[in-house]
Amino acid sequence: VTVLRPPAGLTVEEVLAALKKAGVVHGIDRDALEQAVREGSPAPRIIARGTPPVDGRDGRFRPLVPAEPRRARDDEARRRDPRDHNPVVSVREGATLGFLEPPTPGEPGRDVLGREIAPRAGRPTRVICGPGVIRNAAPDGREEFRAVRPGRPVFQKIGRNAWNVDVVPLLVHEGDVDVESGHVRFKGDVVVTGNVREGMKVTATGRIHVYGYADRAYLQADGDIRVDGGVVQSRVVAGARVWLYADLKAVLPPLRQGVERVLEAMRVVEGAASFQQKDIARFGPGRLVRLLIDMKFSDVRAKARAVHERLTQYEGELDYDVERLRQPVEALATGVIEDRFDIQGLSAALKQAEEFLGWFDGDGTAKAIIGYAHNAEVFASRQVVVGSEGTYHARIAARDRVIVQGAVVGGSVEAARSITVLEAGSPALPSTVLAVGAGGTIRVGHAYENVWLRVGTVQRRLRDSQRNLQV
């Protein structure tokens, strides 16, 4: 309230009456009001405040067991068997892994006119259970999650309000993965005590640990990947499922919009009298879909190829809402569309997949840790760490950060937030690219000439060598 040239004898009661007449009935600060009347200053004074609402708390998943072993102190490590260097947390069948706290509605506020201000209700948290977990109703009404088999608990945050919970078993493959042993595909964690040889694949829904090296091989895990030796002319993808889902979030909407355009065109064509008289009306929707895509909607095939290429990069089964896209999207991408092709079903499946992927925020938790990389591709949904032997003409990419404890010679290193490398480029001046997203940071101990640095859309090439470079 502002008091301007207060008349003689103005009282607090008169001001209160004026406030009531104006409808101000809540949050009146009587002390501030009395001071304003007493001083008669024309300066604005706050004499009534509304009560802000208290927003509801989002639902939360509360683990009851650790997913990682407790780090031992140095004295404990000395007493422990030195060969026990890689402890793994495990649970028994029937163990309670955690519970889900429901969201709260919040508490309403009130403005100075006495009107209620609605709070933001808490958002629910979604928990996707793997095959090693079931959900039950606890006696106190909460949802709890129990292990249906012994193994390692996995708590993977896949979105702001979404978790993947599972219990995965462990497979130890003694020796090399080679032609004699065959590919290794396992629903759980995989340990390879030897090397992964040329042309071989190791895929896991958990983690992969290779004690040796990977030579012209393919390693894919939904969790972390560790290769103690080198990665040579190989492809390594840690956090493969989350990496794929982040890519699909960008390419699914254009395909869905294209499919909806085809559906609309089909409705127009099917309603025409001339169409009803032709034989094609008897063959089912697939033939009409082929004609429309060939004659008018060729861009839909290109959009389907973008989705199909990403789906085929993942070895193994995906979540149902994504997995069921494989066959119809492949048909659109390749042009092999049968007469009974259900394009309406595909449209509905694309919408459902988009809704499912909305729970994923793209920030995975998986790491790839390798000794070195030569002419290789190494991807991780969170972080890549390369040892002191560095990378040579390789492509390294992570959604969060990359750390190279040696030299990066040729090739590229890409990360969303930060890159830290000991050395970039070489005296031979190979083209070497270090790229981070907008607002990211690049740190290089020694960068040679002809190293490209890119932050967001801004890039520059070094014209001379620089030390202790930070961009």
Side-chain angles (χ1 to χ4, degrees), residues 83 85-86 88 151-152 168-244 309-318 364 366-398 402-414:
R83 294 167 295 182
H85 60 85
N86 191 31
V88 175
R152 178 178 66 86
V168 298
L170 172 66
L171 170 68
V172 179
H173 180 92
E174 299 288 352
D176 293 349
V177 177
D178 52 21
V179 174
E180 184 176 343
S181 70
H183 299 308
V184 175
R185 296 184 175 93
F186 189 65
K187 293 181 178 179
D189 291 354
V190 174
V191 173
V192 178
T193 62
N195 308 304
V196 184
R197 299 287 189 175
E198 179 179 354
M200 305 310 298
K201 298 178 180 180
V202 178
T203 64
T205 59
R207 300 170 174 173
I208 295 174
H209 188 174
V210 179
Y211 290 175
Y213 58 82
D215 180 12
R216 287 166 285 187
Y218 178 69
L219 276 62
Q220 172 195 292
D222 289 342
D224 299 343
I225 295 180
R226 183 183 186 112
V227 182
D228 293 344
V231 176
V232 180
Q233 296 183 40
S234 300
R235 180 180 174 89
V236 173
V237 187
R241 190 167 63 106
V242 172
W243 185 282
L244 168 66
E309 288 171 2
R310 286 161 174 81
L311 289 173
T312 55
Q313 287 176 356
Y314 185 90
E315 298 243 351
E317 189 173 345
L318 296 163
K367 302 184 292 293
I369 303 173
I370 64 173
Y372 61 88
H374 287 192
N375 295 292
E377 292 182 319
V378 181
F379 306 104
S381 63
R382 184 167 184 82
Q383 178 175 291
V384 176
V385 179
V386 184
S388 59
E389 294 186 52
T391 75
Y392 296 85
H393 303 285
R395 184 187 175 198
I396 311 294
V402 174
I403 299 171
V404 182
Q405 297 163 350
V408 176
V409 180
S412 65
V413 175
E414 306 160 38

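We're numbering straight along the sequence, starting at 1. Since we're looking at a predicted model, the values are computed, not measured.
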Margin query: Contact between Y211 and V227 at the side-chain level, heavy atoms closer than 4.5 Å - yes or no?
Written below: no
Next item on the list: With the side chain counted from C-beta on, respond yes when V196 and L219 share a heavy-atom pair under 4.5 Å apart, and no when they do not.
Entry: yes
Note to self: Nearest 0.5 angstrom please: R395 CZ to N375 CG, how far?
What the structure shows: 14.5 Å
Item checked: Test item: W243 and D222 side chains (from C-beta on) under 4.5 Å apart, heavy atoms -> no
Checklist line | Name of the residue among V168, V172, V202 meeting side-chain contact (heavy atoms from CB on, under 4.5 Å) with V190 | finding: V202
Checklist line | Heavy-atom check, side chain of Q405 versus side chain of V385, under 4.5 Å | finding: yes
Checklist line | A376 backbone acceptor or donor facing S234 side chain under 3.5 Å | finding: no
Notebook entry, point to check: Of the non-hydrogen atoms in A238 and K367, which two are nearest, and what is the gap between them?
Noted result: CB-O, 3.6 Å
Next item on the list: To the nearest 0.5 Å, tell me how far R185 CZ sits from T203 OG1.
Entry: 5.5 Å
Notebook entry, point to check: Below 4.5 Å, heavy atoms only, C-beta onward: do H183 and Y218 meet side chain to side chain?
Noted result: no
Check: What pair of heavy atoms forms the shortest contact from S381 to A366, and how long is it?
Finding: OG-N, 3.2 Å
Margin query: Keeping D189 on the side-chain end and R207 on the backbone end, is there a donor-acceptor pair under 3.5 Å?
Written below: yes
Check: What is the minimum heavy-atom distance between A204 and I208, and which atoms define it?
Finding: CB-CG1, 3.8 Å
Next item on the list: Specify the closest pair of heavy atoms between Y372 and V232, including all atoms of both residues, with the distance to one decimal.
Entry: CE1-CG2, 4.1 Å
Margin query: Does either side chain, that of D228 or that of H209, offer a donor lying less than 3.5 Å from an acceptor on the other one?
Written below: yes
Note to self: I'd like to check H374 versus H393 (side-chain heavy atoms, cut-off strictly below 4.5 Å). Are they in contact?
What the structure shows: no
Notebook entry, point to check: Are L171 and V184 close enough that some pair of their side-chain heavy atoms sits under 4.5 Å apart?
Noted result: yes
Next item on the list: Take I370 and V378 through the test side-chain contact (heavy atoms from CB on, under 4.5 Å) and record every step on the way to the result.
Entry: CA-CA 9 Å; I370 64 173; V378 181; 3.9 Å; yes
Checklist line | Side-chain (Q220) to main-chain (E315) donor-acceptor, under 3.5 angstrom | finding: yes
Item checked: Beyond-backbone contact of L318 with L311, side-chain heavy atoms, under 4.5 angstrom -> yes
Margin query: Using a 3.5 Å distance criterion without hydrogens, assess whether the side chain of N195 forms a donor-acceptor pair with backbone atoms of R197.
Written below: no
Check: Between M200 and G182, which heavy-atom pair has the shortest distance, and what is it?
Finding: CE-C, 3.3 Å
Next item on the list: Start with the C-alpha distance between V237 and R235, add both sets of side-chain angles, then the distance that settles side-chain contact (heavy atoms from CB on, under 4.5 Å), and finish with yes or no.
Entry: CA-CA 7 Å; V237 187; R235 180 180 174 89; 3.8 Å; yes
Notebook entry, point to check: Can you name the residues that form a salt bridge (Lys or Arg N to Asp or Glu O under 4.0 Å) with K187, not counting sequence neighbours?
Noted result: none
Next item on the list: Please answer whether the main-chain N or O of G188 pairs with a side-chain N or O of T205 as donor and acceptor at a distance below 3.5 Å.
Entry: yes
Margin query: How close do H173 and S181 get, counting heavy atoms only, and between which atoms?
Written below: CE1-CB, 3.6 Å
